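The structure appears below as structure tokens.
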Amino acid sequence: MPFEFDREKSRDVKRKRGVSLKEAQDVFDQVYLFDQKSDDPDQFRSIGWCRGRLCSVIFEIRHDSKGDYPQLVTAWRATKEEEQNYAENA
């Protein structure tokens, strides 16, 4: 699945939150927990494993002439609450 993200923002997210958007793509390679984060704009959260740690990724679904694709917005190491939610539901 092709992903889109701003490379500069990816470096900024890595510096601030410990995981880059490039690394966060790994979450989508295995079973992960998925829910809707907000309605305006439509944003979704996935919780899953990337680079040996549980992470949360916020993304939007974008559309272009080639079809739909996820636009990664931000990512972080999962919080204790997210870890518990993942353990109970994934």
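Counting begins at 1 with the first residue of the sequence. Since the structure is predicted, the reported quantities are computational estimates derived from the model, not experimental observations. In what follows, every heavy atom counts, from backbone to side chain, and hydrogens, waters and symmetry copies are set aside.
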query = Of Val57, Thr74, Ile58, which meets side chain to side chain contact (heavy atoms under 4.5 Å, CB included) against Arg45?
reply = Ile58
Transitive ILVMFWY cluster of Ile47, excluding itself - 4.5 Å side-chain cut-off = Leu33, Trp49, Leu54, Tyr86
message = What I want to find out is whether Arg62 reaches Glu4 closely enough, with some N-O distance under 4.0 Å, to be called a salt bridge.
response = no
key: Between CD on residue Glu88 and CD on residue Glu83, distance to nearest 0.5 Å   = 12.0 Å
Shortest non-hydrogen contact between Val19 and Arg77, atoms and distance = CG1-N, 4.2 Å
request  = State, to 0.1 Å, how close Asp42 and Asp39 come at their nearest heavy-atom pair, and which atoms those are.
outcome  = OD1-O, 2.9 Å
ask   = More than 12 non-hydrogen atoms from neighbouring residues, nucleotides or ligands closer than 6.0 Å to CD on Gln30, yes or no?
value = yes
message = Quick check: closest heavy atoms across Ser46 and Phe28, and the distance to 0.1 Å?
response = OG-CE2, 3.6 Å
remark   = Between Cys50 and Ala24, the two heavy atoms sitting closest are SG-CA, 4.2 Å
ask   = So, do Tyr69 and Phe3 have ring centers that fall under 6.0 Å from each other?
value = no
task = Before giving the answer on side-chain contact (heavy atoms from CB on, under 4.5 Å), spell out for Leu72 and Glu60 the whole-Å C-alpha distance, their side-chain angles and the decisive distance to 0.1 Å.
result = CA-CA 7 Å; Leu72 304 182; Glu60 299 172 355; over 6 Å; no
query = Nearest 0.5 Å, what's the CZ-CG distance between Arg7 and Leu21?
reply = 10.5 Å
query = Between CD1 of Ile61 and NE2 of His63, what distance do you get to the nearest 0.5 Å?
reply = 7.5 Å
ask   = Taking all non-hydrogen atoms of both residues, which atom of Lys22 and which atom of Ser10 are closest, and how far apart?
value = N-OG, 3.5 Å
task = Please round to the nearest 0.5 Å and tell me the distance separating atom SG of Cys55 and atom CD of Gln25.
result = 12.5 Å
ask   = How about Lys37 and Phe44: do any of their side-chain heavy atoms sit closer than 4.5 Å?
value = no
request  = Say whether, by atom type as modelled, one donor and one acceptor occur between the side chain of Asp12 and the main chain of Arg15 under 3.5 angstrom.
outcome  = no
query = Can you tell me if Glu23 uses its side chain to pair, donor with acceptor, with the backbone of Ser20 under 3.5 Å?
reply = yes
key: Asn89 side chain to Asn85 backbone, donor-acceptor under 3.5 Å   = yes
